[in-house]
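A quick write-up on the structure given underneath.
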Amino acid sequence: MLPISLFVVAFGAAFGLAAVQKGLAPLDTILMSTLVFAGASQFATLDMWGAEVSVIPVMVVVFAINSRHLLMGASLYPMLKDVAPAKRYSLLLVLTDANWAIAAQDYQRGNRNLEVILGGGLVLWLAWIVGTWLGVYFGGLLQNPKNLGLDMVLGCFLLAMALGGKKSPRILVAWALAALASLAAWKWLPANTHVVAGALAGGVVGFFWLEKKPGKETAGETPT
Amino acid sequence: MTIETTTTGVLVLILIMTLVTLATRFGGVFIMSFVRISPRIESFINTMASSVLIAIIVPMAFEGDAGALAALSVTAVAMLVLKKPLPAIAVGVFAAAAVRYLF
């Protein structure tokens with residue numbers, strides 16, 4: 001979680017700097033990071049910031065970018081269904097890409113790792129707030145995190161998580177379809193729909209191609 | 001509908017963003033609690049889970065510069081060879097920095 005937290009601090013600092021440059025008050029910026037805690041969507045709304053802000057476009061953009069949480073949450077449901085609702089939804093307060101990716105991979109290996117959602121989530125949340133705070137007040141310090149490759153930490157992390165999981169032919173077909181669908185959506189569909197489009201396309205493969213269970217005939221078999 | 005970015009206006013906007021984001025964090029689990037989990041649904045969920053990652057990464061690679069591409073390909077190879085995430089991420093990030101420094 002440490003390298004990701006460093007990335008989140010740097011990303012938060014970039015957000016803090018960008019937000020004050022857009023005219024947001026320092027405290028408002030920190031408050032937004034504390035409450036919203038969803039970096040990409042916060043960045044996107046900055047583009048729409050001005051003396052007046054139209055509400056519906058902001059809601060649409062925030063929802064579209066964060067709609068991946070819907071799928072992430074849904075994928076956690078099997079491991080959360082026996083957790084009491086209060087605890088279940090408290091965990092989800094700090095659900096974000098990195099802690100979800102670890103928890104989902106652990107669950108594939110048969111471990112129900114709720115601690116990583118909570119603990120990892122809290123660490124990432126604090127890193128995001130601290131980063132924003134640094135950016136707001138000392139924005140000039142980290143001039144160009146891109147030169148250090150810091151913008152790629154999250155991408156590399158998510159890729160490592162994906163490749164560390166199971167790689168059956170079924171999964172590889174799902175990934176191929178997910179890749180194609182996300183690229184197509186990225187090119188031709190409205191902005192920010194590509195994650196959901198790709199993920200659903202991958203899910204459809206799973207829906208029609210069940211994993212072979214020993215001693216049981218399953219529908220939709222393809223030679224494996 | 002527009003909101004002026006006065007002191008209260010900004011707070012209202014932040015609150016709206018918070019609620020929308022919260023709806024996405026809670027929504028997936030909430031909806032699933034009404035769905036009967038058949039083996040087919042479970043299989044859908046499982047392939048969807050790792051497809052989320054692919055759907056984030058692939059457009060990132062196409063959109064990115066040479067450094068981004070280097071980072072992702074080096075991480076992929078390192079991960080497949082070493083099977084350890086941390087070194088794989090480290091060499092990927094280093095590759096991005098190196099490519100951007102050299103070119």
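Just so we're on the same page: letters track the sequence lines, and every chain starts at 1.
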Checklist entry - chain A heavy atoms under 4.5 Å from Leu86(B): which part of the residue, side chain, backbone, both or neither? => result side chain
Item to check | Interface moiety of Met32(B) toward chain A, non-hydrogen atoms closer than 4.5 Å | outcome: both
Checklist outcome for this item: When every non-hydrogen atom of Leu53(B) is compared with those of Ala101(A), the smallest separation belongs to CD2-CB, 4.3 Å
Item to check | Approximate separation, where rounding is to 0.5 Å, of Thr21(B) OG1 and Asn66(A) CG | outcome: 4.5 Å
Next on the checklist: For chain B, which candidate among Gly198(A), Ser182(A), Gly203(A), Gly202(A) shows the most heavy-atom pairs at distances under 4.5 Å?
Outcome noted: Gly203(A)
Checklist entry - Side chains of Tyr77(A) and Ile37(B): closer than 4.5 Å at any heavy-atom pair? => result yes
Checklist entry - Which atoms of Leu71(A) come close to chain B, meaning under 4.5 Å heavy atom to heavy atom: side chain ones, backbone ones, both, or neither? => result both
Item to check | Closest-packed option against chain A by number of heavy-atom pairs under 4.5 Å, given Glu42(B), Lys84(B), Glu4(B) | outcome: Glu4(B)
Checklist outcome for this item: Honestly, the part of Leu93(A) sitting under 4.5 Å from a heavy atom of chain B is both
Next on the checklist: For Ser33(B) and Arg88(A), which I'm curious about, is there any donor-acceptor pair between the side chains at under 3.5 Å?
Outcome noted: no
Item to check | Plane angle bin for Tyr89(A) and Phe30(B) - parallel if under 30°, tilted between 30 and 60°, otherwise perpendicular | outcome: tilted
Checklist entry - Are Asp151(A) and Arg100(B) side-chain neighbours, meaning at least one heavy-atom pair lies under 4.5 Å? => result yes
Next on the checklist: As an exercise: rank Leu76(A), Leu154(A), Asn147(A) by heavy-atom pairs under 4.5 Å with chain B and give me the winner.
Outcome noted: Asn147(A)
Item to check | Within-4.5 Å side-chain heavy-atom neighbours: Thr47(B) and Trp209(A) | outcome: no
Checklist entry - If you measure only the distance, is there a donor-acceptor pair under 3.5 Å linking the side chains of Thr5(B) and Trp49(A)? => result no
Checklist entry - For Trp186(A), is it the side chain, the backbone, both or neither that has a heavy atom under 4.5 Å from a heavy atom of chain B? => result side chain
Checklist entry - For Phe37(A), is it the side chain, the backbone, both, or neither that has a heavy atom closer than 4.5 Å to a heavy atom of chain B? => result both
Next on the checklist: Please check if the number of heavy atoms outside Phe94(B) that lie under 6.0 Å from its CZ is greater than 12.
Outcome noted: no
Checklist entry - Heavy-atom distance under 4.5 Å to chain B: side chain of Lys146(A), backbone, both or neither? => result both
Item to check | Sub-4.5 Å side-chain heavy-atom contact between Phe157(A) and Val93(B) | outcome: no
Next on the checklist: Using every non-hydrogen atom in the two residues, find where Ala23(B) and Leu70(A) come nearest and quote the distance to one decimal.
Outcome noted: O-CD2, 4.0 Å
Next on the checklist: Which residues pass the ring pair (Phe, Tyr, Trp, His ring centres under 6.0 Å) test with Phe62(B), not counting sequence neighbours?
Outcome noted: none
Next on the checklist: Return the CD1 to CE distance between Ile89(B) and Met152(A), rounded to the nearest 0.5 Å.
Outcome noted: 11.5 Å
Item to check | Top contributor to chain A interface from Gly92(B), Ala76(B), Gly67(B) [non-hydrogen pairs under 4.5 Å] | outcome: Ala76(B)
Checklist entry - Is it the side chain or the backbone of Arg25(B) that comes within 4.5 Å of chain A heavy atoms, both, or neither? => result both
Checklist entry - Which region of Leu22(B), side chain (C-beta onward) or backbone (N, CA, C, O), has a non-hydrogen atom less than 4.5 Å from a non-hydrogen atom of chain A, or is it both or neither? => result side chain
Checklist outcome for this item: Note: vs chain A, highest number of non-hydrogen pairs under 4.5 angstrom among Ile54(B), Leu13(B), Ile45(B) is Ile54(B)
Checklist entry - For Ile56(B), is it the side chain, the backbone, both or neither that has a heavy atom under 4.5 Å from a heavy atom of chain A? => result both
Next on the checklist: Measuring only between side-chain heavy atoms, which start at C-beta, is Val195(A) closer than 4.5 Å to Val52(B)?
Outcome noted: yes
Checklist entry - Which atoms form the tightest heavy-atom contact between Ala55(B) and His194(A), and what is the distance? => result O-CD2, 3.4 Å
Item to check | Per-residue contact mode, Val58(A) against chain B (heavy atom under 4.5 angstrom) | outcome: side chain
Checklist entry - Which one of Tyr107(A), Phe7(A), Phe63(A), Trp175(A) has the most heavy-atom pairs closer than 4.5 Å to chain B? => result Trp175(A)
Checklist entry - Is the backbone N or O of Gly206(A) less than 3.5 Å from a side-chain atom of Ser43(B), with the two atoms forming a donor-acceptor pair by type? => result yes
Checklist entry - What are the two closest heavy atoms between Ala179(A) and Val58(B), and how far apart are they? => result CB-CG2, 3.8 Å
Item to check | Any residue of residues 24-31 of chain A which, by heavy atoms, sits under 4.5 Å from chain B | outcome: Asp28(A), Leu31(A)
Next on the checklist: Quick one, Phe44(B) and Leu200(A) - any side-chain contact, counting heavy atoms below 4.5 Å?
Outcome noted: yes
Checklist entry - Is the count of non-hydrogen atoms from other residues, nucleotides or ligands lying under 6.0 Å from Lys81(A) atom NZ greater than 12? => result yes
Item to check | Spatial distance of atom CG (Leu72(B)) from atom SG (Cys156(A)) [nearest 0.5 Å] | outcome: 5.0 Å
Checklist entry - Should Leu159(A) and Met60(B) be marked as a side chain to side chain contact (heavy atoms under 4.5 Å, CB included) after you check the CA-CA gap, both sets of side-chain angles, and the distance that decides it? => result CA-CA 11 Å; Leu159(A) 181 61; Met60(B) 191 190 263; over 6 Å; no
Checklist outcome for this item: Of the listed Pro85(B), Ala61(B), Pro59(B), Ala88(B), the one with the largest count of heavy-atom pairs under 4.5 Å with chain A is Pro59(B)
